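Heads up, the thing below is written out as structure tokens.
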There are 2 protein chains.
Amino acid sequence: MNPERCKVDEALGILVGKWKPIILLHLFNEGTQRFSELKRLMPDITQKMLTKQLRELEEEDIIDRVIYPQIPPKVEYSISEYGKSLQPVLDIMHEWGTAHTNHMQKKRNSQNASNAL
Amino acid sequence: MNPERCKVDEALGILVGKWKPIILLHLFNEGTQRFSELKRLMPDITQKMLTKQLRELEEEDIIDRVIYPQIPPKVEYSISEYGKSLQPVLDIMHEWGTAHTNHMQKKRNSQNASNAL
DNA sequence: CAGAATCCCTACGGATACTG
DNA sequence: CAGTATCCGTAGGGATTCTG
């Protein structure tokens with residue numbers, strides 16, 4: 001694989017954004033969710049950011065957005081068929097991330113131990 | 001998996017940074033490299049950025065940094081034993097990224113086709 | 001050679017207020 | 001309910017200069 005053809009950045013581009021992984025996690029776990037339900041699942045996100053990140057994921061075909069023309073409005077979000085192809089990517093990243101957390105924890109512990117001498 | 005335990009962000013944190021994936025790619029492909037060799041492989045990166053990203057990767061134990069105390073200085077970088085565990089993560093991200101590039105390309109093509117009607 | 005230091009600019013993200 | 005619109009602070013990244 002030569003540098004020009006490295007597509008890691010493409011995958012990275014989809015996932016970066018402070019809230020995207022957690023949004024995807026909720027949609028994968030909980031299935032279809034309304035805007036307000038997602039907001040309730042993530043109390044710390046602002047409406048602006050939730051909207052923006054959802055739009056970006058939609059733009060990349062990862063999620064579907066269904067608008068029910070009614071009052072009050074109702075909009076449902078879900079992982080698209082295509083978006084499901086992200087599952088293994090997220091899985092392996094989560095797996096490695098978990099291991100890495102442990103690795104760095106041990107590192108700090110051993111550093112503290114030697115500092116304590 | 002509950003949101004509190006989602007560690008995708010941990011993995012993401014290692015890889016984000018405009019140059020990290022490409023730096024890792026070179027170290028995985030070319031093996032041990034000096035600072036100046038990496039700079040030559042990535043003409044567009046500034047010394048400041050190269051230094052910074054290498055330091056961050058070192059901080060996370062992903063790469064080893066070996067200093068040869070001589071004049072002129074010589075510093076070699078390489079993927080650490082632990083860092084090799086990132087390989088499958090990068091592989092699957094590259095694979096998905098490649099597929100995604102094709103997916104979006106086709107999407108744009110079909111959009112252009114319908115616009116041309 | 002391998003950096004450190006400085007300055008600068010933009011994009012990301014947060015807070016708040018408004019609307020069909 | 002599901003968004004816009006606006007303002008604003010910070011961090012990431014780039015250009016340039018200096019140094020052991």
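Residue numbers begin at 1 in each chain, while the letters A, B, ... track the order of the sequences. Note that this is a predicted model, so its numbers are computed, not measured.
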Close N/O contacts between protein and nucleotides 11-14 of chain D (under 3.5 Å):
| unit_1 | atom_1 | unit_2 | atom_2 | d |
| --- | --- | --- | --- | --- |
| D:dG13 | OP1 | B:Lys18 | N | 2.9 |
| D:dG14 | OP1 | B:Lys18 | NZ | 2.5 |
| D:dG14 | OP2 | B:Trp19 | NE1 | 3.1 |
| D:dG14 | N7 | B:Lys48 | NZ | 3.3 |
| D:dG14 | O6 | B:Lys48 | NZ | 2.1 |

So which protein nitrogen or oxygen atoms get under 3.5 Å of nucleotides 1-3 of chain C's nitrogens or oxygens?
| unit_1 | atom_1 | unit_2 | atom_2 | d |
| --- | --- | --- | --- | --- |
| C:dC1 | O3' | B:Arg34 | NH2 | 3.0 |
| C:dC1 | O3' | B:Pro73 | O | 3.1 |
| C:dA2 | OP1 | B:Arg34 | NE | 3.0 |
| C:dA2 | OP1 | B:Arg34 | NH2 | 3.1 |
| C:dA2 | OP1 | B:Val75 | N | 3.3 |
| C:dA2 | OP2 | B:Ser36 | N | 2.8 |
| C:dA2 | OP2 | B:Ser36 | OG | 2.7 |
| C:dG3 | OP1 | B:Arg55 | NH2 | 3.3 |
| C:dG3 | OP1 | B:Arg65 | NH2 | 2.5 |
| C:dG3 | OP2 | B:Tyr77 | OH | 2.6 |
| C:dG3 | N7 | B:Gln47 | OE1 | 2.7 |
| C:dG3 | O6 | B:Gln47 | OE1 | 3.1 |

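Applying the side chain to side chain donor-acceptor pair (under 3.5 Å) definition to pairs two or more places apart or across chains, those involving residues 59-72 of chain A are A:Glu60-B:His100, A:Asp61-B:His103, A:Asp61-B:Lys107, A:Arg65-A:Tyr77, A:Tyr68-A:Glu76. Applying the salt bridge (charged side-chain N to carboxylate O under 4.0 Å, His left out) rule to pairs touching residues 23-51 of chain B yields nothing, sequence neighbours excluded.
C:dG13 atom P lies 11 Å from atom CD1 of A:Ile23, rounded to whole Å. When rounded to the nearest whole Å, the span between OH of A:Tyr68 and P of D:dG3 equals 13 Å. In this entry the distance linking CG of A:Leu50 with P of C:dC12 reads 17 Å, nearest Å. Between A:Leu41 atom CG and D:dA2 atom P the separation is 13 Å, expressed in whole Å.
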- request: Run the numbers on A:Val66 and A:Thr32 for side chain to side chain contact (heavy atoms under 4.5 Å, CB included), then give the verdict.
  value: CA-CA 10 Å; A:Val66 178; A:Thr32 302; over 6 Å; no
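Taking A:Lys84 as the reference, A:Glu81 meet the salt bridge (Lys or Arg N to Asp or Glu O under 4.0 Å) condition, with sequence neighbours excluded. Under the side chain to side chain contact (heavy atoms under 4.5 Å, CB included) criterion, A:Arg108 pairs with A:Met104, sequence neighbours left out. Residues passing the side-chain hydrogen bond (donor to acceptor under 3.5 Å, both in side chains) test with A:Thr51, sequence neighbours excluded: none. For A:Glu10, the side chain to side chain contact (heavy atoms under 4.5 Å, CB included) test picks out A:Lys7, B:Thr101, with sequence neighbours left out.
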With a 3.5 Å cut-off and sequence neighbours excluded, list the donor-acceptor pairs that the side chains of residues 16-23 of chain B form with protein atoms.
| unit_1 | atom_1 | unit_2 | atom_2 | d |
| --- | --- | --- | --- | --- |
| B:Lys20 | NZ | B:Val16 | O | 3.3 |
| B:Lys20 | NZ | B:Glu56 | OE1 | 2.6 |

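For the atom pair CD1 (A:Ile92) and CH2 (B:Trp96), the distance works out to 15.0 Å, reported to the nearest 0.5 Å. We find the CD1-CD distance between A:Ile45 and A:Gln53 to be 6.0 Å, quoted to the nearest 0.5 Å.
Axis angle across the helix from C:dC1-D:dG20 to C:dG20-D:dC1, with five pairs used at each end and values rounded to 10°: 50°.
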